[in-house]
Amino acid sequence: NPGSGPLDWTTTVSPTSDWLSLNPASGSITSQSSMTLTLTIDKTNLPLGWTDGSIAIGSNGGDEIVDVRGFVGDVRYLYFPEVTHNWVAP
């Protein structure tokens, strides 16, 4: 948060599932600091074939959606693009 005030944020995993989670799911970041969010993918709960999900991050400094896509078959393959965003508190 390179802004001058606190940045309040929340996340929503969609669709609601037991294979994709984010920790912490919400919080507040003080000015001139950063925070790491941990994405956990439990591939044992993925059905065969492709599974799509997304994580919506909303804050008083902007919003972002991160798409997550997994494939389960003979080879387990999970793809999610690297997303970097600097949210700035107003």
Side-chain angles (χ1 to χ4, degrees):
N1 175 15
S4 60
L7 181 73
D8 301 315
W9 58 273
T10 60
T11 62
T12 304
V13 175
S14 180
T16 303
S17 66
D18 57 357
W19 68 273
L20 184 61
S21 62
L22 198 63
N23 189 34
S26 64
S28 183
I29 305 170
T30 60
S31 176
Q32 305 302 314
S33 64
S34 63
M35 176 178 258
T36 299
L37 305 181
T38 301
L39 172 67
T40 302
I41 298 172
D42 184 356
K43 59 188 177 185
T44 60
N45 291 322
L46 287 173
L48 291 175
W50 288 102
T51 301
D52 295 303
S54 65
I55 299 169
I57 303 171
S59 77
N60 58 330
D63 301 328
E64 187 77 30
I65 294 178
V66 179
D67 293 320
V68 180
R69 187 167 211 211
F71 177 79
V72 176
D74 291 336
V75 177
R76 290 182 187 252
Y77 172 77
L78 297 174
Y79 168 78
F80 45 97
E82 180 179 339
V83 175
T84 302
H85 186 86
N86 285 323
W87 287 278
V88 178

Residues at least two apart in sequence or cross-chain that pass side chain to side chain donor-acceptor pair (under 3.5 Å) with S31, listed by chain then number, are none

Of all heavy-atom pairs linking M35 and P24, the shortest is SD-CG, 4.4 Å

Sorted by chain and residue number, the side chain to side chain donor-acceptor pair (under 3.5 Å) partners of S34 (sequence neighbours excluded) come out as none

Sorted by chain and number, sequence neighbours left out, side chain to side chain donor-acceptor pair (under 3.5 Å) with D52 holds for R69

In this structure, CH2 of W9 is separated from OG of S28 (nearest 0.5 Å) by 9.5 Å

inquiry  = In the structure I gave you, are the side-chain heavy atoms of L20 and T40 within less than 4.5 Å of one another anywhere?
reply    = no

Taken to the nearest 0.5 Å, the spacing of T36 OG1 from N23 CG works out to 11.5 Å

Side chains of V68 and I41: does their closest heavy-atom pair fall under 4.5 Å? yes

Interatomic distance, CG@L39 vs OG@S21, rounded to 0.5 Å, equals 7.0 Å

**Message:** Any heavy-atom pair between the side chains of W19 and V13 that's under 4.5 Å?
**Reply:** no

Any donor-acceptor pair under 3.5 Å linking the side chain of N60 with the backbone of D8? yes

Tell me if a side-chain donor or acceptor on T11 pairs with a main-chain N or O of A25 at a distance below 3.5 Å. yes

CG of L7 to OG of S59, rounded to nearest 0.5 Å, is 4.5 Å

Between the OG1 atom in T30 and the CG atom in N1, the distance rounded to the nearest 0.5 Å is 7.5 Å

Donor-acceptor check, side chain of E64 to backbone of I57, threshold 3.5 angstrom: yes or no? no

